[in-house]
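What follows is a short report on a single structure.
Fair warning: this is a prediction, and the values are worked out from it, not measured in the lab. Protein chains get the first letters and strands the later ones, always in sequence-line order, with residue 1 at the start of each.
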Amino acid sequence: MALLAFHHITKRFGSLIANNDITLSLESGEVLALLGENGAGKTTLMNILYGHYTADEGHIEVDGTTLPPGSTDAAIKAGIGMVHQHFTLAENLTVLENIMLGTESLWSFSQKQSPARKKLAQMSKDYGLAVAPDTPVSRLSVGERQRVEILKALYRDARVLILDEPTAVLTPQEAESLFTTLESLTKQGFAIIFISHKLHEILRISDRVAVLRRGQIVGSVATVDADRSSLAEMMVGRKVERPRLAPMPIGKAVVRLEGVTLQNRNEVPRLDQISLSVHQHQIIGIAGVAGNGQSALADLLSGLSSPTSGTFELLDQAVTRASPANIVHRGVGRIPEDRHHSGVVGDMTLWENLISEDLRVPPVSRGGFLIDQKACMKRAEKLIEQFDIRCEGPEAETKLLSGGNMQKLILARALSPNPGFILANQPVRGLDEGAIAYVHGQLLAARQRGAGILLISEDLDELFSLCDRIAVIYHGKLTRSFDAKSVTAGQLGLMMAGQDPGDIELPSGQTLEQAKASITDALQNQGTQTHAD
Amino acid sequence: MLDIIDILVSAGFWAATLRIVSPLILGTLGELICERAGVLNLGIEGIMTMGAMCGWMWVYMGGDLWSGVLFAAFVGALFGLLHSGFTVYLGLSQHVTGIGITLFASSLSYYVFRMLLPDATTPPKIIPFQPYKIPFLSDIPIVGEALFSQTPLTYLALSLVPAVWYVLYKTPVGLAVRMAGENPMAVEAQGINVLSIRTGAVMVGSAFMAVGGAFITMSAFDAFYFGMINGRGWICVALVIFASWRPGKALIGALLFAGLDALQVRAQQMAGAIIPYQFFLMLPYILSIVAMVIMARRASYPQALLTPFRRGERT
């Protein structure tokens, strides 16, 4: 008998059918991957299992016993543990407090901290998940927080562990260490449901893949019988190919950085003597492990900070004291790293977000201080159509958009004025395959039109498929750029781990996997890699 | 200057400070419990008025003092239930609801008072709590007179500080309350009902506030009249921030404010001829603002304060 079985689960939110007649089962010791695009209903299904939501139809059995619907408590008691995508931790409380919550009767007169501490220490050892119990969660890195979430579930004796997009917030190295943990857990008989839309992760970790599309299970295959393209096709429902760039001659330089340093008083420089130029019809990629100065570079190029020393030329004019408005009006399109945080204002409407870079420019503005709403709406409608933003109209609240559509909104705002230079910082982070192909297509089209593009990414695959040249950023220093056709993943990997490009032999034929392994090794030798979030 | 020192070492000054601090401590602890669970309770001013009226009226109608305190606490809890009904279950604005509760509860107190005692011209009186000298301890010079010759309600207020600290930091239910104020989803994800935790905290906190109000009519004075809470509730709200949501610091803050208040009364008598007495009346408030500005910069708010939690909703 299956450890866990969903029977004909259906869940509606208003007119939207989030889950439609889903039947699925899970054995112990198995990793089941739940694959699907954003909004396919993966999280909804897991929230039903964990008791956050109540299904409209159908039921769930654990060990042959029906799980009472809508009760998180019952789900926990049945051995279900969930690691939410947005961690459910209280940051001002300690690790131990977070783990102990709900494990004792609420009305007991005191907490039994020392046995809990002992049990936690034993578990940390058994599963290789080290945490300091008395540290406040706010001081932990993202990877450590996830470890606490996993321990929280294991502490409640979970046998089924749900991981909702666990790698979305992790660096490649942290993700790799998570996979090691998961492998050891399955060996000990735990069953794991792994939610993701990243194909290579699913192929790496799962035993079986169930594909969800628009709330329905469209396929279920053993992972050994699956490959990237078949899964992608099942997930999207059609063949999706990420576009690749075609070579073309470059034009004049649009951005020129010469010995630029960015430094707060008495601190380690965020950017250290970097030089870089981006030309028309050219995409320059910046590779690097997160936290090595990418955000400083993005701040500089989007006008949020001015160089401490060095020269910054933008479209033939020197930039001395930058401001975002100044940068935008000189013809820079900006795609920020975190769309929710600095890309859009979620509580405002689509049209308001679409015009937010042109508040004092006609036709949005009349006389510099009145907003011409009619003109704004007209422009918003045009952009919604042109960039295929799926929404209820320009008056809809922006936070209701899916990740992909929110990114289309940002593309519409950044690309529609035909900027001469485009800064794309992690433009496809957290997007599904269809949306990734769309964003890449738009960037390539902008290059075709004559824009120069700087693409900051942690994903080497993305850089190789889009960039003319690639440079590596490490501890605020930037290497010279290399021709993307002749540099290998292995070489980039070594530079990402801090090797000087001059020392690098040319180990041609090294695969991406080997390169990643060498990055991991280098980071471990380095010992003190911290993840700045 | 020497006069000030004379005041500071006099038993009368400290006795007055403890008398003034008692309702503030009760109110501040009450507000602190609510906010620790993530609910701002601006109904405090009204709930204290209600407590003052109810406790007094109970005794005036022939009940005994302690059951009067319990009655005040019960009515306070009811208003807490009302507040959480709007803010916790319906997720309405905590500011607006709180102000509404204050307006409603204050007016209702005066209305009920007038309805029951339509003919009273001079405020009628009860026999309030009397000072209880703790044997032996009250014989210690100065300290004995200041600390151990208070009314039982003051002893209660002071002993509630460590009690609230213990419950918040050392018991499972206290952990759940703090967690509900930090991240309600974390509470939900561990199988505990966030709405009950928050409602319970608001009811208990409101009961504390009402007892704080009752102290004024049943211990500090012996009558109920209009405007008698006189902004003490708002002081408590500020004290919670001053205290960074910690019971021990709340006691220190309340003592500081009460001490300044006791001091200004005495300073008025001393220097009243030269400096207008209004200046001394302002003093505790001005110094509180200064202290607040200094302390609040380092305050770490409960992260889910003011954030309603709705179960089973898409986020």
Handout entry: Minimum heavy-atom distance between A/T88 and B/A189, given as atom pair plus value
Key = OG1-CB, 3.8 Å

Problem - Point-to-point distance, once rounded to the nearest 0.5 Å, from CG of A/L93 to CE of B/M179 - result: 5.5 Å

Problem - Engaged part of A/I48 at the chain B interface, taking heavy atoms whose separation is under 4.5 Å - result: neither

Problem - Minimum-distance pair of heavy atoms, taken over all atoms of A/E97 and B/L175 - result: O-CD2, 3.4 Å

Exercise for the section: State whether the side chain of B/Q190 and the backbone N or O of A/G102 hold a donor-acceptor pair below 3.5 Å, judged by distance alone. Expected result: no

Practice task
Could you tell me which portion of A/F109 (side chain, backbone, both or neither) has an atom closer than 4.5 angstrom to a non-hydrogen atom of chain B?
Solution key: both

Problem - chain B contact via A/H84 - which portion, at a heavy-atom distance below 4.5 Å - result: side chain

Exercise for the section: Take atom CZ of B/F86 as the centre, draw a 6.0 Å sphere, and report whether it contains more than 12 heavy atoms from other residues, nucleotides or ligands. Expected result: no

Exercise for the section: Drop me the distance from B/M185's CE to A/H86's NE2, to the nearest 0.5 angstrom. Expected result: 10.0 Å

Problem - chain B contact via A/N98 - side chain, backbone, both or neither, heavy atoms under 4.5 Å - result: both

Exercise for the section: Tell me, out of A/E91, A/K112, A/K77, A/M100, who's got the most heavy-atom pairs with chain B below 4.5 Å. Expected result: A/E91

Exercise for the section: Take atom CZ of A/R213 as the centre, draw a 6.0 Å sphere, and report whether it contains more than 12 heavy atoms from other residues, nucleotides or ligands. Expected result: yes

Completion exercise
Taking a cut-off of under 4.5 angstrom between non-hydrogen atoms, the residues of residues 148-165 of chain A near chain B are A/K152, A/R156

Practice task
Give, as side chain, backbone, both or neither, the part of A/T43 having an atom under 4.5 angstrom from any heavy atom of chain B.
Solution key: neither

Handout entry: Residue B/Y169 excluded, over 12 heavy atoms near OH under 6.0 Å
Key = yes

Practice task
For the pair B/N183 (side chain) and A/L89 (backbone), establish whether a donor and an acceptor sit closer than 3.5 Å, ignoring hydrogens and angles.
Solution key: yes

Fill in the blank from the handout: Here the pair of heavy atoms bringing A/E104 nearest to B/P172 is OE1-CG, 3.6 Å

Exercise for the section: Measure distances from B/V167 to the heavy atoms of chain A and classify the residue's part below 4.5 Å as side chain, backbone, both or neither. Expected result: neither

Handout entry: Part of B/I192 within contact of chain A (heavy atom distance under 4.5 Å)
Key = side chain

Practice task
Could you tell me whether A/R117 atom CZ has more than 12 heavy atoms of other residues or ligands within 6.0 Å of it?
Solution key: yes

